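Everything below concerns the one structure shown next.
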Number of protein chains: 2
Amino acid sequence: MANTSNFFAKNKSVILYGVFLAALLFLLKWLELRFMIIDHAFEIYAGSIAVIFTTLGIWLALKLTRPKTILIEKEIFTGKPETFILNEKELTKLNISKRELEVLQLMSAGLSNQEIALKLFVSLNTIKTHNARLFEKLEVKRRTQAIETAKRLSIIP
Amino acid sequence: MANTSNFFAKNKSVILYGVFLAALLFLLKWLELRFMIIDHAFEIYAGSIAVIFTTLGIWLALKLTRPKTILIEKEIFTGKPETFILNEKELTKLNISKRELEVLQLMSAGLSNQEIALKLFVSLNTIKTHNARLFEKLEVKRRTQAIETAKRLSIIP
DNA sequence: TGAAAAATCACCCTAAAGTATGAGGGTTAA
DNA sequence: TTAACCCTCATACTTTAGGGTGATTTTTCA
């Protein structure tokens with residue numbers, strides 16, 4: 001029952017095409033009769049067929065061709081962007097120097113003072129001095145606090 | 001100069017159509033000649049026209065019609081979500097206990113071991129033990145590394 | 001109920017982090 | 001040019017962090 005109506009629905013275009021074709025054949029037979037009388041009727045008849053069937057072809061193609069579906073993935077941002085934007089205002093407000101920022105970044109990456117010193121080609125004492133200045137400027141006591149505060153202020157990613 | 005070749009390129013379909021139409025007319029004339037001889041040739045001629053022009057119509061429609069596209073926008077969420085989602089899989093994979101996670105969170109908040117001990121009403125030694133287990137499980141050496149790794153794995157915000 | 005896992009704590013020791021102070025050299029802008 | 005930074009380094013000291021080991025209690029789960 002459901003299948004029957006389903007069949008009609010699915011083949012609606014084909015059925016319509018069949019009906020239309022039958023109508024066309026009827027029209028053609030009618031034209032054939034007239035063609036006996038009118039002068040140059042053959043050309044008119046051929047032209048009519050051409051026009052009708054071209055139209056039919058176009059209609060068929062448009063009706064029966066499945067529209068192509070193109071899936072476009074749309075990016076919707078839902079939170080902090082992956083690309084870090086440095087908060088320069090806060091940086092100048094806190095008066096943090098380039099070198100200090102560098103140390104801060106390596107600090108947040110989990111490096112020890114000794115590792116930072118080696119990476120920046122300076123002594124351990126120098127890093128300790130930078131740290132002390134950083135903690136003072138960020139108003140913190142420990143490196144873990146410094147990292148937390150700096151991240152919160154978007155000074156580091 | 002560039003415009004000329006551009007013109008041909010852009011109207012290629014139309015030009016092709018014109019050429020094809022000329023060829024068709026030639027074919028029709030040839031068929032017209034034959035139609036004088038063969039019996040029932042008129043029906044064949046008409047049928048030929050019908051078939052040819054139906055094909056032509058379909059071809060035209062497919063060639064000249066812009067492909068119908070249905071745009072389906074799929075939302076892709078980018079960026080770290082503002083609302084932290086705990087990566088429980090990683091948590092169970094690393095076998096990190098509730099208490100250890102608690103310590104880890106306070107650690108990343110910048111608290112010292114002593115402060116964490118006071119906050120959780122346990123001794124400093126206990127916190128140190130938790131830390132040692134955490135570092136072992138996270139495969140790190142320092143608390144700053146632990147914080148970095150844990151954040152990267154979405155174990156802590 | 002009994003073993004495993006989790007949580008707790010202690011002691012000792014070393015390593016790293018942090019504080020305080022001083023100081024020399026380089027750049028920059030008033 | 002001089003004051004104000006910035007970067008550098010040192011020395012001495014204190015505090016905190018971390019490693020190793022062992023032990024007790026609680027919880028959990030098969």
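Owing to the predicted nature of the structure, the values given are computational and were not obtained by experimental measurement. In what follows, chains are A, B, ... by sequence order, proteins preceding strands, each numbered from 1. Computed from heavy atoms alone, side chains included, the values below leave out hydrogens, waters and symmetry copies.
Contact check, B:R143 against D:dA17: a side-chain N or O comes under 4.0 Å of OP1 or OP2. The side chain of A:H130 contributes an N or O atom lying less than 4.0 Å from OP1 or OP2 of D:dT8. Using a 4.0 Å cut-off, no side-chain N or O of A:N131 falls inside it from OP1 or OP2 of C:dA16. Phosphate proximity of C:dT8 to B:R99: present, with a side-chain N or O under 4.0 Å from OP1 or OP2. Between B:S97 and C:dA7 there is a side-chain N or O to OP1 or OP2 distance below 4.0 Å. An OP1 or OP2 oxygen of C:dA7 is reached within less than 4.0 angstrom by no side-chain nitrogen or oxygen of B:T126.
At a threshold of 4.5 Å between side-chain heavy atoms, the hydrophobic network of Ile, Leu, Val, Met, Phe, Trp and Tyr places A:F121 and A:L104 in two separate groups. Residues A:I116 and A:V122 are members of one and the same hydrophobic cluster, defined by side-chain heavy-atom contacts under 4.5 angstrom among Ile, Leu, Val, Met, Phe, Trp and Tyr.
Atoms CZ (A:R133) and C1' (C:dG18) sit 14 Å apart, rounded to a whole Å. Rounded to whole Å, atom P of C:dA16 lies 14 Å from atom CG of A:N125. In this structure, B:E100 places its CD atom 9 Å from C1' of C:dA7, rounding to the nearest Å. Atom CD in A:E115 sits about 15 Å away from atom P in C:dA15, given to the nearest Å. In this structure, the CD atom of A:E136 is 10 Å from the P atom of C:dT19, given to the nearest Å. Straight-line distance from the CG atom of B:L91 to the P atom of C:dA6: 11 Å, rounded to whole Å. Going from atom NZ of B:K141 over to atom C1' of D:dT16 covers 19 Å, rounded to whole Å. What separates CG of A:L111 from P of C:dA15 is a distance of 20 Å, to the nearest Å.
If you check D:dG19, C:dG18, C:dA7 against the side chain of A:F135, the one that comes closest is C:dG18. For B:K128, counting side-chain heavy atoms from C-beta on, the closest listed nucleotide (D:dT11, D:dA17, D:dC9) is D:dA17.
For B:T144 and B:L120, each mapped to the nucleotide of DNA chain C holding its nearest heavy atom, the one lying further toward the 5' end belongs to B:L120. The 5' end of DNA chain D is approached more closely, in terms of each residue's nearest nucleotide, by A:V122 than by the other of A:V122 and A:R142.
Put simply, the side chain of A:T129 and the base of D:dC9 share a donor and an acceptor less than 3.5 Å apart.
As judged by a 4.0 angstrom heavy-atom cut-off over every strand, A:N113 is placed among residues touching the sugar-phosphate backbone only.
The backbone N or O of B:S154 lies less than 3.5 Å from no partner atom in the side chain of B:N87, so there is not a single donor-acceptor pair.
At a threshold of 4.5 Å between non-hydrogen side-chain atoms, the residues A:V140 and A:E148 do not count as touching.
Ion pairing of A:E115 with B:K141 is absent here, as no side-chain N (NZ or NE/NH1/NH2) approaches a carboxylate O to less than 4.0 Å.
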